[in-house]
Chemist: 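Quick one: the structure is below, questions incoming.
By convention here, the first residue in the shown sequence is residue 1.
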Amino acid sequence: MTTFTPPRILYVGVDKKLKRFLEEETARRGHLFEDVESREKGLSVITEGVFDIVFIDNDLKDKRNFDFIEDLSLSGILPPTIFFAGKGQEIVIAKILKLGVKNYIVKDRKQKYMELIPVMIDKVLNEGWQVVSEYQVGHVGQVGSGISWAEKEKTAILDSISEMVMYIGNDMKVIWANKAVAKSVGSASRELLGHRCYHVLLNNIEICEGCPVVKTKETHESSEAEIVSEDGKIWFVRAYPVMDDNGEVEGVVEVKRDITAQREWEGNLKEASNEWRTTFDSITDMVSIVDRDYRFVKVNRALSNFLNTEPKNLIGKICHSELYDKEKPCEDCPHTEIISTGKPVAVERFDPHLGTHLLLSASPIVDEDGEVVGSAIIKKDISEQKNWENKLKQASDEWRATFDSITDMVAIIDTNYEFVKANKALSDSFNIELKQLVGKKCYEVMKGIDTPCEDCFHKEALLTGKGVQQEKFDERLGMYLQISVSLIFNDSGDAMGTAIIFKDISKRKEAEEKLKEYSKHLKQMVGNLSQELKEAPELLVNKAKINVLRQLARGVGSELRGPLEIISKKIFSLKKRIPKEDKSAQKSLETIASEIKKTEQIMLLLLYFARPKTPNKKETNVQELVLNVLEKYPPAGNIRVIPDIPNDLPRVFVDPIQTGQVINNLIVNADQLMADGGELKIIASLDERGVSLSISDNAPSIPKQNLKKLFDPLSTTSAGKMGIGLAISKNLIESNGGEISVMSKEGKGNTFTILLPIKK
């Protein structure tokens, strides 16, 4: 008959409080309790006896708890097991559960985990794990069905694992092997029985060198070894003794595992470790790892080089002693702060010992229980950065000074119509402090109103996405302003606001008005003169009229010279003050300058007429003469010039300045006749009397009644013109020994021809 055997509990570990609690709990329940401290003793006890529950602590005496569980699992003798895990051991827990551990309990600092132990014991015992007692082993005939089930269970477990497991007799013959062994040699498990293990697995005729099975048989203790097969694979082999009742080895269980990939991984890991060491030492910043006692655990080459020693010589040394020759930590030591708060620290400071600015970055290093055990400290030299910061501040101050020195009013306004920045010129104009401007609405400050202006340029720029430039008279400031608005965008391309420049253009407007007055006065004088001459008796129109014209031209020319010089100087001054980017203002100045140039040409005509000069004749190239005139005084853009002037024509003997003036007068005359554009042909050819130069247009023809008087003073083909240019041209050509004539045909335009003499 069977007898009742109390449940047997085994504790494997060194925790005295836990051991005492388990011992008291099992005694209270009437269970049997045993304990061992190491893996080797645990293997021996479990192999020899049967336990209902095994408690394995994560803190074994020999620190091999995972190997212990793995050995039990691979050997097929792992009892119902509960594992005591430390905090932060999720990977270990996952591994042991995979190996078949029943459950685990996480040990907390306040030891509340002990409350779970009774529950776990009841749960395991109530699940009905089949355990074969010593009495049943001795009476196999009475419990044959139980032994058969245990054998089937063992076979199912061992055949399901990937490691190769064999039971080998003292004669090195295979007594039992799992499917993994059979699969590795390509045979059925039963075909391996009775063969030598080294012949079956490695095809050797002799026992492997360093065979752990042989060692286990000799020492009666488990052993392990790494064996390399002929195919280059690396095998990790463990051997466990199976003892008879007399304590003699009757066989050996061998567990074999292919660790080729693992060794390769370890090699890669070692290589990665070496690479990390190289990387660690290549960091130019000084890096160190310091423990709670301020001792160096690791330092990089940059720090050791600074201290003029090797990294290994610093390990275990006090950091403040080595770095600063101090007995106590520095007052602002980041490591001290980390030990106190457990939080990262980053601080900038000037290190007098190193003579440089440093950025100290320190991060805590914690153990598996979350306790700070040290810190990683990086000392970065930021002297260059500080130097750039100082330069940046200086540049910012210089920009502020430059910004405030701009005489135009400048403001930056955001999308809410509020000042972001303004210069001194603007604050002075509205009598408000710069710091008080920021945040105020632009329309409140500049217009004294509560809502944005109806014609607000800032609003227009934001709505259209384009810059704005306008001129406007500001009644509040009492001045003409040129307002330029440019959009400011963020990194995403969205408008953040505008930059606005208010330029005082009152003086420019004043100059424009004066120029208009001078122009009006000149036209009035010329008109009065023309009227007086037209009303003069016909008898005076010849010599007397010319004398009067010359006197009048002399007076008008002198009177014009002074105002024109003043206006030219004003224009030159305005050009220097107005930026080139201000295209509207520059265009206005160019228009004024163009009008002045035309007025100067009129003045020159008058002076030519008033004081005829004796020509300074010289041999002149006709082609160069015409091209120089076209370059200096080109016709309007809508007139196409077609020159046909051979370069091999003989040189003419004339005053090039006076002759050039005549050619210019004829081009200007054709330009005025072709107000809507057209073609201007300039053709030169050799004549028996000299070189003939014709200037033809395709303008409306000149009436016949006007052709005879065309070269008389005050005769003109254009309304509002004085008509003195052709008269001067005729006088100049004739004084140079040449001739001038005109032809006009209806529908074919007009042709002026001048004959230029050749030196004989």
Side-chain angles (χ1 to χ4, degrees), residues 385 387-509 574-589:
Q385 176 184 330
N387 186 34
W388 279 110
E389 287 178 358
N390 293 333
K391 287 183 179 179
L392 185 61
K393 184 178 182 303
Q394 181 181 353
S396 177
D397 293 341
E398 290 175 355
W399 159 241
R400 182 73 249 185
T402 303
F403 187 62
D404 284 337
S405 68
I406 298 173
T407 55
D408 298 331
M409 294 177 284
V410 184
I412 296 176
I413 300 174
D414 64 17
T415 54
N416 294 321
Y417 298 86
E418 294 180 355
F419 283 105
V420 176
K421 184 177 286 188
N423 71 339
K424 194 171 184 299
L426 190 142
S427 67
D428 289 346
S429 297
F430 291 96
N431 195 26
I432 185 171
E433 292 289 333
L434 279 173
K435 60 183 179 181
Q436 294 178 352
L437 267 175
V438 177
K440 289 190 176 294
K441 301 289 186 182
C442 58
Y443 47 81
E444 292 177 352
V445 174
M446 304 185 74
K447 296 293 183 181
I449 57 180
D450 297 331
T451 56
C453 309
E454 292 183 1
D455 57 348
C456 177
F457 303 136
H458 170 73
K459 180 180 179 181
E460 181 181 346
L462 292 176
L463 289 175
T464 63
K466 298 179 181 179
V468 179
Q469 193 170 70
Q470 294 288 343
E471 293 180 3
K472 186 178 181 181
F473 182 77
D474 191 297
E475 296 181 355
R476 190 172 185 187
L477 296 176
M479 62 178 68
Y480 278 99
L481 294 177
Q482 179 181 328
I483 304 171
S484 302
V485 185
S486 301
L487 287 163
I488 300 173
F489 300 95
N490 59 19
D491 294 339
S492 302
D494 300 323
M496 299 170 56
T498 63
I500 306 179
I501 300 175
F502 303 90
K503 179 184 290 295
D504 181 4
I505 58 171
S506 300
K507 291 184 178 179
R508 193 188 86 195
K509 286 291 185 181
L574 285 171
K575 278 187 175 181
K576 290 179 67 178
R577 292 177 57 189
I578 295 174
K580 292 181 180 180
E581 294 78 10
D582 191 345
K583 295 183 179 179
S584 175
Q586 290 291 345
K587 186 175 181 180
S588 297
L589 292 176

Chemist: So does Asn490 have more than 12 non-hydrogen atoms from other groups sitting under 6.0 Å from CG?
Modeler: yes
Chemist: Distance from Glu475 atom CD to Lys472 atom NZ, nearest 0.5 Å?
Modeler: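 Reported value, rounded in 0.5 Å steps: 9.0 Å.
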Chemist: If we only count heavy atoms from C-beta on, is the Arg508 to Glu471 side-chain gap below 4.5 Å?
Modeler: yes
Chemist: Is there side-chain contact between Val410 and Leu426, with heavy atoms separated by less than 4.5 Å?
Modeler: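 Of all side-chain heavy-atom pairs linking Leu426 with Val410, none is under 4.5 Å.
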Chemist: Looking only at heavy atoms, what is the nearest atom pair of Lys441 and Phe419, with distance?
Modeler: O-CE1, 4.2 Å
Chemist: Can you tell me how far CD1 of Ile432 sits from CE of Met446, rounded to the nearest 0.5 angstrom?
Modeler: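 Answer rounded to 0.5 Å: 11.5 Å.
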Chemist: Side-chain contact test, heavy atoms from C-beta onward, threshold under 4.5 Å: evaluate it for Val485 versus Lys459 and give yes or no.
Modeler: no
Chemist: Can you give me the closest heavy-atom contact between Leu477 and Asp474, atom names plus distance?
Modeler: N-OD1, 2.9 Å
Chemist: Do Met409 and Leu481 have side chains that get closer than 4.5 Å, going by heavy atoms?
Modeler: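 With C-beta onward as the side chain, the pair touches.
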Chemist: May I ask you to decide if Ile406's main-chain N or O and Asn423's side chain share a donor-acceptor pair within less than 3.5 Å?
Modeler: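 At least one qualifying donor-acceptor pair exists.
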Chemist: Nearest 0.5 angstrom please: Lys447 NZ to Arg476 CZ, how far?
Modeler: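 Output value for this atom pair is 8.5 Å.
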Chemist: How many angstroms lie between atom CG of Leu487 and atom CG of Asp494, to the nearest 0.5 angstrom?
Modeler: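 These two atoms lie 11.5 Å from each other.
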Chemist: What distance separates Leu463 CG from Cys456 SG, expressed to the nearest 0.5 Å?
Modeler: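 SG of Cys456 is found 9.0 Å from CG of Leu463.
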Chemist: Look at the side chain of Asp414 and the backbone N and O of Tyr417, then say whether any donor-acceptor pair between them is shorter than 3.5 Å.
Modeler: yes
Chemist: Could you pull out every donor-acceptor pair under 3.5 Å between side chains of residues 495-505 and any protein atom, sequence neighbours left out?
Modeler:
| residue | atom | partner | partner atom | Å |
| --- | --- | --- | --- | --- |
| Thr498 | OG1 | His458 | ND1 | 2.6 |
| Lys503 | NZ | Asp408 | OD2 | 2.6 |
| Asp504 | OD1 | Ser506 | N | 3.0 |
| Asp504 | OD1 | Ser506 | OG | 2.7 |

Chemist: Rounded to the nearest 0.5 Å, what separates atom CD in Glu433 from atom NZ in Lys424?
Modeler: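 One gets 9.0 Å once the value is rounded to the nearest 0.5 Å.
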Chemist: Do the charged groups of Glu418 and Lys440 touch, with an N to O distance under 4.0 Å?
Modeler: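 Here Glu418 does not pair with Lys440 in a salt bridge, since their nearest N and O are not under 4.0 Å apart.
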Chemist: Using the test ring-ring contact (aromatic ring centres under 6.0 Å, His included), find all partners of Tyr480 that sit at least two apart in sequence or belong to another chain.
Modeler: Phe473
